[in-house]
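This structure is a prediction, so every number in the text was calculated from the model and none was measured. The sequence lines fix the lettering, A, B, ..., with proteins before strands; numbering per chain opens at 1.
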Protein chains: 2
Amino acid sequence: MANPLQTRFAAADIAQAEQYLAHEPPTDIDPRIERLVNELIGRIADKWTLLVLEELEAKGTLRFTEIGRLVEGISQKMLTQTLRQMERDGLLTRTVHAVVPPRVDYALTPLGNSLSAAFCGVWVWAERNLETVENARTTFDARD
Amino acid sequence: MANPLQTRFAAADIAQAEQYLAHEPPTDIDPRIERLVNELIGRIADKWTLLVLEELEAKGTLRFTEIGRLVEGISQKMLTQTLRQMERDGLLTRTVHAVVPPRVDYALTPLGNSLSAAFCGVWVWAERNLETVENARTTFDARD
DNA sequence: TGCTGTAGTTACCCGAAGGTGAGAAATGGC
DNA sequence: GCCATTTCTCACCTTCGGGTAACTACAGCA
């Protein structure tokens with residue numbers, strides 16, 4: 001398996017994402033979209049959301065403590081907070097089973113799955129340009 | 001112009017991005033890519049990088065103070081910091097003209113342009129799902 | 001002589017993000 | 001009776017991102 005992204009994204013998605021790298025987009029855009037994109041990226045980048053999204057995407061349905069184990073380093077507080085926000089945004093469903101001890105299942109909604117897929121272009125970019133970025137940094141740090 | 005994204009991205013990019021929304025990707029991935037993606041998203045989400053990227057993409061070459069005016073609310077400190085990081089990653093070039101008062105030009109590299117393009121999928125997702133997310137939030141906030 | 005403008009750097013300070021650890025509720029098992 | 005388990009919430013405290021404002025260097029200009 002030469003290309004690790006092939007284990008993650010559909011071939012057609014990858015093929016298309018490559019085409020992103022050949023164009024140059026212009027000008028202004030609807031401020032509501034702009035705000036949502038910024039907010040989304042801000043949320044995704046809160047360090048935990050993306051990781052939770054990935055685990056749920058890979059594993060399907062998971063319990064609270066299972067996610068906690070899979071997402072290494074996350075505190076209970078941040079796990080709860082992250083899951084609540086994602087639920088609020090409609091990215092996942094939270095199912096409480098009325099048993100003792102409590103059992104709560106989390107699973108991505110189609111919306112959650114599609115958000116993950118929307119980041120395919122970024123994954124492809126990162127794979128293609130990993131070395132370019134690393135070289136740029138080395139060069140930059142060594143100058144003078 | 002019904003679709004504001006059409007002013008920003010090429011038609012083919014948008015068409016493909018729509019296809020992202022129909023698949024479900026699996027399993028694990030090269031940790032180096034993983035790290036770069038997380039770092040990238042973290043950097044993009046530092047609130048300023050994405051905005052600087054957009055302005056440079058839209059306007060081409062800009063001076064320090066021009067970017068400062070265009071990116072509303074950014075402080076000198078953060079502008080400098082953001083530009084330095086982007087330069088280090090090879091996303092833009094910094095050209096110093098030895099004149100008085102100083103003149104410094106910033107412009108995206110092809111790498112910088114392609115990063116912006118890589119986020120096309122996210123923009124398309126946001127446009128398609130803006131109302132879904134807003135409705136989900138309203139419903140969530142109103143429950144109980 | 002001193003004021004202006006550009007592109008920064010530096011020191012200081014504040015608020016918020018996030019980690020830690022305790023508690024809570026409910027019930028089956030020893 | 002007491003402990004363990006699970007999914008949280010709450011209070012406390014620390015860290016750090018980022019804002020503000022002052023300072024620099026240099027030349028033209030009034």
Side-chain angles (χ1 to χ4, degrees), chain A residues 38-53 55-56 59 61-89 91-108 140-141 143-144, chain B residues 38-53 55-56 59 61-89 91-108 140-141 143-144:
Chain A
N38 283 317
E39 197 189 306
L40 254 180
I41 291 181
R43 171 130 338 146
I44 287 290
D46 71 0
K47 181 183 179 182
W48 299 123
T49 302
L50 184 63
L51 299 175
V52 170
L53 199 70
E55 293 302 337
L56 282 174
K59 304 280 165 58
T61 299
L62 290 172
R63 303 184 55 179
F64 183 84
T65 43
E66 287 175 333
I67 303 176
R69 269 193 299 273
L70 290 167
V71 178
E72 209 163 339
I74 194 170
S75 64
Q76 270 196 345
K77 178 184 165 183
M78 287 316 295
L79 182 53
T80 305
Q81 201 174 108
T82 302
L83 290 170
R84 282 301 132 73
Q85 281 178 334
M86 293 174 74
E87 187 195 1
R88 177 173 185 270
D89 287 346
L91 299 177
L92 55 76
T93 58
R94 177 169 176 273
T95 313
V96 181
H97 302 278
V99 296
V100 162
R103 174 193 181 87
V104 183
D105 287 334
Y106 294 91
L108 289 189
F140 184 92
D141 293 343
R143 77 178 185 184
D144 293 343
Chain B
N38 282 318
E39 199 188 304
L40 256 179
I41 290 181
R43 170 126 342 142
I44 286 290
D46 70 0
K47 182 180 178 185
W48 299 124
T49 302
L50 184 63
L51 299 175
V52 170
L53 200 69
E55 292 301 338
L56 281 174
K59 304 281 167 59
T61 299
L62 290 172
R63 303 183 56 178
F64 183 83
T65 42
E66 288 174 334
I67 304 176
R69 269 193 299 272
L70 289 168
V71 179
E72 209 164 337
I74 195 169
S75 63
Q76 269 197 344
K77 178 183 165 185
M78 289 315 295
L79 182 52
T80 306
Q81 202 173 107
T82 303
L83 290 170
R84 282 299 133 73
Q85 281 178 333
M86 294 175 74
E87 186 194 2
R88 177 168 122 91
D89 287 345
L91 299 177
L92 54 77
T93 58
R94 178 170 176 272
T95 313
V96 181
H97 302 279
V99 296
V100 162
R103 175 194 181 90
V104 182
D105 288 334
Y106 293 92
L108 289 189
F140 184 92
D141 293 344
R143 82 184 179 179
D144 294 343

Quick one: is B:R63 getting a side-chain N or O under 4.0 Å of the C:dA7 phosphate, OP1 or OP2?
yes
Could you state the atom-to-atom distance from CG of A:L79 to C1' of D:dC8 in whole Å?
10 Å
Round to a whole Å and report the spacing from CG of B:L62 to P of C:dT6.
15 Å
Can you tell which of B:L91, B:I67, B:L62 makes a side chain to side chain contact (heavy atoms under 4.5 Å, CB included) with B:V52?
B:I67
How does each nucleotide of nucleotides 8-30 of chain C score, in 5' to 3' order, for protein heavy atoms under 4.0 Å: base (B), sugar-phosphate only (S), or none (-)?
BB--------BBB-----BS---
Non-hydrogen atoms of A:A45 and B:A45 that approach each other most closely:
CB-CB, 3.0 Å
Quick check on side chain to side chain donor-acceptor pair (under 3.5 Å): which of B:R94, B:R63, B:H97 does B:D105 satisfy it with?
B:H97
May I have the list of side-chain donor-acceptor pairs in residues 73-85 of chain B shorter than 3.5 Å, sequence neighbours left out?
{"unit_1": "B:S75", "atom_1": "OG", "unit_2": "B:M78", "atom_2": "N", "d": "3.3"}
{"unit_1": "B:T80", "atom_1": "OG1", "unit_2": "B:Q76", "atom_2": "O", "d": "3.0"}
{"unit_1": "B:T82", "atom_1": "OG1", "unit_2": "B:M78", "atom_2": "O", "d": "2.6"}

Which heavy atom of A:I41 sits nearest to which heavy atom of B:I44, and what is that distance?
CG2-CG2, 3.7 Å
Could you tell me whether the phosphate oxygens of C:dA7, OP1 or OP2, come under 4.0 Å of any side-chain nitrogen or oxygen in B:T65?
yes
On a heavy-atom basis, which atom in B:Y106 and which in B:L56 lie closest, and how many Å separate them?
O-CD2, 3.5 Å
